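See structure below.
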Amino acid sequence: MTEEYQVTLPKLGESIVSATIVQWFKKEGDQINLDEPLLEVSTDKVNSEIPSPVSGVLHKILASPDQELQVGEALAVIRIRQGQVSAIEESGPPGIVEVKREAAPAGSEMQGFFSPALLRLARENNISLDELEKVPTTGAGGRLSKRDLELYIESRSALKNKPCPMTAKSLPTDVERIKMSGMRKAIADNMVRSFYEAPHATLITEVDVTPIMHVIRQDKEAFLAKHGSKLTITSFVARAISKALKEYPLLNSSLEGDTIVVKKFVNLGIAVSVDQGIMVPVVKNCQDKTIPELAKAIGDVSARARSNKLNPSDVQDGTITLTNFGISGVMTGIPIIRYPEVAILGLGAIQRKVVALEDDTMAIRSVINVSLTFDHRVIDGMYGCGFLNSLREHLEKDPEEDK
């Protein structure tokens, strides 16, 4: 005799409420062991493997690749040996929310099940429940997948807007339709939420980084040999941010209703470009780290982000973010705040410029534009100016003091 367990999408992080199916590692009928990888899901922060919470046989797959699910929604049904139920219920394995002792519904019965995400999408497009039940399905067990509904909405819209035979139209080869990856869509959703919920304001200042660049050129080989990490300007900027935040702590906070939550620790998110978009691993407790320690930590999380080896904990609990678009040669930019943080800093490309010094002489200096985008509900303009001035002072002083 066997019993059936329904596996659901577990909570992957404090602020993660949904995820998109990337791929299944098992197919229906396969044997699965406890803690063996069952599927991979994607969020705006990281890709994660979901392990099986029990040993048994994968009986039904209830979610298809590219389908978005909310935390707690059904992923699959696993048949286990009778008698395991009470033991598993006592231990409370992750991902299990329901026990079934009857046979799973047939494929035709599965068609009547619609997830909250599907029902929401249907409502947004004025699709009745009767119409929803008639949409062609391709999901496992005869289920309607999100992609099924999206294709139906597209075809319905195309028929509605179909031009008359005399109307000029583009040839099919004139356009290319590219479906967003799970990560790209999650990033888009988070950016839209942040941009429209938080009133953004941006300040830009120019910083003379000549002394820092001199130290990097002079010490980079010895630094790499001694510490095993590359010495870059990012480490100096991270250190300067930590120092400036001691004077202007509101930039290291989040907004919860009408309460500003100020963090006493600096967890700096480092934006890293990857194949699927941008990932932001977090360097924890920057306020306690030296330049060598920062260089090692930044190098480590950046490398693991590019090789897709980050853990969920690596992208959580950020308090402020740094993005360096200067590596692409761009002089300056205005990034969007990462919700629920209230500030993000952007670094432009390092430029060699002729500068008039205070003694009325001219000199060639290395300068960089630093932008600060902040949530105007929490930060006033003059407060932001004070932070940028403090940041500039820490970057322009003798960098040997921080090594």
Side-chain angles (χ1 to χ4, degrees), residues 205-249 251-252 263-273 279-306 310 313-315 317-328 335 341 343-352 365-372 386-403:
T205 192
E206 186 178 84
V207 179
D208 186 340
V209 293
T210 305
I212 291 177
M213 297 312 297
H214 175 73
V215 168
I216 292 174
R217 285 192 298 268
Q218 176 179 280
D219 297 349
K220 62 180 180 181
E221 292 183 4
F223 188 93
L224 178 61
K226 181 177 180 180
H227 301 289
S229 304
K230 291 183 179 180
L231 183 61
T232 68
I233 193 171
T234 305
S235 303
F236 289 96
V237 175
R239 182 69 174 150
I241 289 172
S242 298
K243 290 184 174 182
L245 286 175
K246 290 182 180 179
E247 303 169 54
Y248 297 90
L251 285 148
N252 195 51
K263 317 296 171 59
K264 301 298 184 181
F265 49 87
V266 180
N267 289 352
L268 181 64
I270 304 292
V272 180
S273 178
M279 299 193 75
V280 187
V282 176
V283 177
K284 308 288 178 64
N285 296 309
C286 289
Q287 77 282 356
D288 298 327
K289 288 181 168 57
T290 63
I291 291 293
E293 290 170 338
L294 286 168
K296 184 174 182 178
I298 292 170
D300 173 61
V301 295
S302 299
R304 288 194 288 119
R306 295 188 183 97
L310 290 174
S313 60
D314 293 324
V315 294
D317 303 324
T319 60
I320 190 169
T321 296
L322 173 65
T323 180
N324 185 355
F325 31 74
I327 58 176
S328 63
E341 298 169 11
I344 183 171
L345 288 128
L347 297 183
I350 299 171
Q351 310 166 64
R352 297 274 287 168
R365 309 291 289 180
S366 295
V367 298
I368 188 172
N369 289 328
V370 179
S371 64
L372 170 68
F387 171 81
L388 274 184
N389 288 334
S390 174
L391 180 69
R392 185 180 65 240
E393 289 173 5
H394 288 300
L395 286 172
E396 291 183 345
K397 74 175 187 178
D398 185 1
E400 292 289 348
E401 298 177 19
D402 275 327
K403 286 182 57 185

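Not measured: the values here are computed from a predicted model.
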*Could you please spell out the steps behind the side chain to side chain contact (heavy atoms under 4.5 Å, CB included) verdict for Ile320 and Lys263?*
CA-CA 10 Å; Ile320 190 169; Lys263 317 296 171 59; over 6 Å; no
*asked:* So, taking the atom named OG1 in Thr232 and the one named CE in Met213, what distance separates them when rounded to the nearest 0.5 Å?
replied: 9.5 Å
*Taking every non-hydrogen atom, the tightest pair across Ser302 and Val272*: OG-CG2, 3.8 Å
*Find the distance between CZ (Arg306) and CE (Met279) and round it off to the nearest 0.5 Å.*
12.0 Å
_For Thr234, the option from Leu268, Leu322, Ile327 that meets side chain to side chain contact (heavy atoms under 4.5 Å, CB included)_ = Leu322
_Just so I know, are the side chains of Phe265 and Gln287 near enough to count as touching, which here means a heavy-atom distance under 4.5 Å?_
yes
_Test item: Phe236 and Val209 side chains (from C-beta on) under 4.5 Å apart, heavy atoms_ = no
*For Glu206, check side-chain hydrogen bond (donor to acceptor under 3.5 Å, both in side chains) against everything at least two apart and list the hits.*
Lys353
*Under 3.5 Å, is there a donor-acceptor pair linking the side chains of Asn252 and Thr319?*
yes
*Check whether any side-chain heavy atom of Arg365 lies under 4.5 Å from a side-chain heavy atom of Pro211, and answer yes or no.*
yes
*Might you point out which heavy atoms bring Ile241 and Phe387 nearest each other, and give the distance in Å?*
O-CE1, 4.3 Å
*Tell me, do Val283 and Ile270 make a side-chain contact under 4.5 Å, heavy atoms counted?*
yes
*Please report the shortest heavy-atom distance between Asp208 and Ser366, naming the atom on each side.*
OD1-O, 3.2 Å
*Before giving the answer on side chain to side chain contact (heavy atoms under 4.5 Å, CB included), spell out for Leu347 and Val370 the whole-Å C-alpha distance, their side-chain angles and the decisive distance to 0.1 Å.*
CA-CA 5 Å; Leu347 297 183; Val370 179; 3.9 Å; yes
*Rounded to the nearest 0.5 Å, how far apart are OG of Ser390 and NZ of Lys243?*
10.0 Å
*Enter the distance from Arg392:CZ to Leu388:CG here, rounded to the nearest 0.5 Å.*
8.0 Å
*Compare every heavy atom of Asn267 with every heavy atom of Asn285, then report the nearest pair and how far apart it is.*
N-OD1, 2.9 Å
*Find out whether His394 and Glu247 are in side-chain contact, i.e. whether some heavy atom of one side chain is under 4.5 Å from a heavy atom of the other.*
yes
*Leu294 and Cys286: which non-hydrogen atoms are nearest, and at how many Å?*
CD2-SG, 3.8 Å
*Quick one: pull up CD1 in Ile291 and CG in Leu231 and give me the separation to the nearest 0.5 Å.*
7.5 Å
*Going through the checks in order, is the side chain to side chain contact (heavy atoms under 4.5 Å, CB included) test met by Leu345 and Leu391?*
CA-CA 11 Å; Leu345 288 128; Leu391 180 69; 3.8 Å; yes
_Test side chain to side chain contact (heavy atoms under 4.5 Å, CB included) on Ser371 and Phe325; report intermediate values, then the result._
CA-CA 11 Å; Ser371 64; Phe325 31 74; 4.0 Å; yes
_Spacing of Thr290 atom OG1 and Lys296 atom NZ [to the nearest 0.5 Å]_ = 10.5 Å
*Where at least one partner belongs to residues 280-292, residue pairs that pass salt bridge (Lys or Arg N to Asp or Glu O under 4.0 Å), sequence neighbours excluded*: none
_Looking at every heavy atom in both Leu395 and Val237, which two are closest together, and how far apart are they?_
CD2-CA, 3.9 Å
